[in-house]
Amino acid sequence: MMENKDMLKDYYKQMGISEPVYEFCHRMEEGLKERFAKIDEVAECNQMKVLRAMRENRLSEACFAPTTGYGYNDIGRETLEKIYASVFHTEDALVRPQITCGTHALALALMSQLRPGDELLSPVGKPYDTLEEVIGIRPSNGSLAEYGISYRQVDLLPDGSFDWDGIEKALNEKTKMVTIQRSKGYATRPTLSVERIGELIGFIKERKPDVICMVDNCYGEFVELREPSDVGADLVVGSLIKNPGGGLAPIGGYLCGTKECIDRAAYRLTSPGLGKEVGATLGVTSAFTQGLFLAPTVVKGALKGAIFAAAIYEELGFRVVPDSKESRHDIIQAVEFHDPELMVAFCEGIQAAAPVDSFVRPEPWDMPGYDSQVIMAAGAFVSGSSIELSADGPMKEPYAVYFQGGLTWEHAKYGIMMSLQKIYETGKIFRNE
Ligand SMILES: *Cc1c(COP(=O)(O)O)cnc(C)c1O
């Protein structure tokens with residue numbers, strides 16, 4: 001009888017992984033056992049946190065019944081929102097399929113709290129690209145700027161630390177809200193740990209207790225034991241086709257926070273006077289709930305994949321951000337190739353490993369709004385979902401790919417092995433071995 005190990009190796013071979021790539025990856029994985037054990041522990045705690053929230057809020061089969069029309073008295077929607085509030089330790093939550101994506105959730109959070117004459121402050125530098133138009137940093141129809149809401153920004157210092165003096169000076173009588181992005185997104189700054197977010201919020205609230213502190217939590221959920229709402233955030237916001245949807249949510253966004261903040265957001269999402277009372281769920285509640293149930297495990301797999309890739313590409317001499325030893329606060333991994341051919345090969349590997357659209361070849365294209373070509377690899381069950389294994393990046397120096405996701409560790413691993421296989425096939429690595 002064949003040993004499991006040989007069988008696995010044989011499978012990988014049939015799936016296009018050559019011997020040198022397999023052996024190299026196997027060796028790298030062996031070195032990550034301790035690191036992976038710590039990730040397992042975090043996932044176990046977060047699984048208990050989610051499960052407890054479901055039990056305490058008496059999640060029942062009746063919650064999964066679809067509602068239509070106005071969606072009054074949707075007990076599934078109400079229970080799910082209570083569960084989110086329990087998980088994030090907030091007074092209330094808004095979790096809806098009517099929130100179309102992460103940008104929409106963030107825009108809703110900002111537009112619902114701010115009024116003409118107010119000022120928004122970002123103490124962590126430039127926000128995520130799509131928020132530039134929401135805020136009006138880039139002029140846009142319906143931006144906050146059009147409503148007379150001003151914006152101020154304090155960049156991080158070159159070493160990635162907070163500019164405490166700058167932040168203190170930027171706070172003024174108009175400052176109504178502060179936006180803090182946890183993940184680096186596609187910038188080169190470090191991702192913020194929940195602890196650092198707590199320090200920042202503490203500093204701001206000491207000087208201006210009534211300011212609303214919002215955290216863009218995209219890609220950060222369940223990576224650590226605590227969430228930003230555990231360290232003083234009034235609002236945490238994210239997308240359900242990233243971490244908290246667990247790969248099952250087909251759409252949606254969430255806001256968790258104080259009752260006041262959530263009320264304002266609900267009146268903005270639906271209508272003044274209606275608030276949370278309307279919003280049919282059309283049958284998505286079971287996917288939202290089951291996705292949340294799976295999210296700690298899914299995030300665990302994605303994190304292992306990110307660290308596995310960091311270890312592999314670091315060993316091969318490429319710059320990886322974060323590096324293979326750093327503590328993690330989101331699921332995004334960047335690898336700098338300084339070579340367009342390798343960057344394309346990496347993306348081809350990720351695409352070839354996908355369960356969906358594995359037969360298509362990603363190619364660089366002129367994406368609107370970008371000053372260079374962009375390449376993307378994704379073969380997802382939910383279109384555009386980036387909790388599923390995906391990679392992309394602009395075709396310019398440093399030719400960096402950003403990749404994230406993987407619904408299971410096993411799939412993330414295979415995707416990364418496949419990326420290395422395609423790179424191996426260029427003949428540019430392993431030349432001395
Ligand atoms: C993905 C993301 C967003 C925007 O979410 P979309 O669903 O793409 O609109 C905002 N901020 C951060 C940090 C993100 O990663």
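In this text, all values refer to a predicted model and were calculated from it rather than measured experimentally. We count ligands from 1, going down the list as the structure has it; atoms in each ligand are counted the same way.
- Listed by chain and number, the residues in a ring-ring contact (aromatic ring centres under 6.0 Å, His included) with Tyr151 amount to none (sequence neighbours excluded).
- Of the charged side-chain nitrogens involved, at least one lies within less than 4.0 Å of a carboxylate oxygen, so that Glu168 and Arg207 count as a salt-bridged pair.
- Residues forming a ring-ring contact (aromatic ring centres under 6.0 Å, His included) with Tyr72 (at least two apart in sequence, or on another chain): Tyr70.
- Every residue meeting the ring-ring contact (aromatic ring centres under 6.0 Å, His included) condition with Phe346, not counting sequence neighbours, appears here in chain and number order: Tyr313, Phe337, Phe403.
- Salt-bridge check for Lys259 with Glu91: failed, with every basic side-chain N at 4.0 Å or more from each acidic carboxylate O.
- Within 4.0 Å of ligand 1, counting heavy atoms only, the contacting residues are Cys101, Gly102, Thr103, Leu106, Tyr128, Gln181, Asp216, Cys218, Tyr219, Lys242.
- At least one cation-pi condition fails for Lys176 and Tyr147: the charged atom is not both under 6.0 angstrom from the six-membered ring centre and inside a 45 degree cone around its axis.
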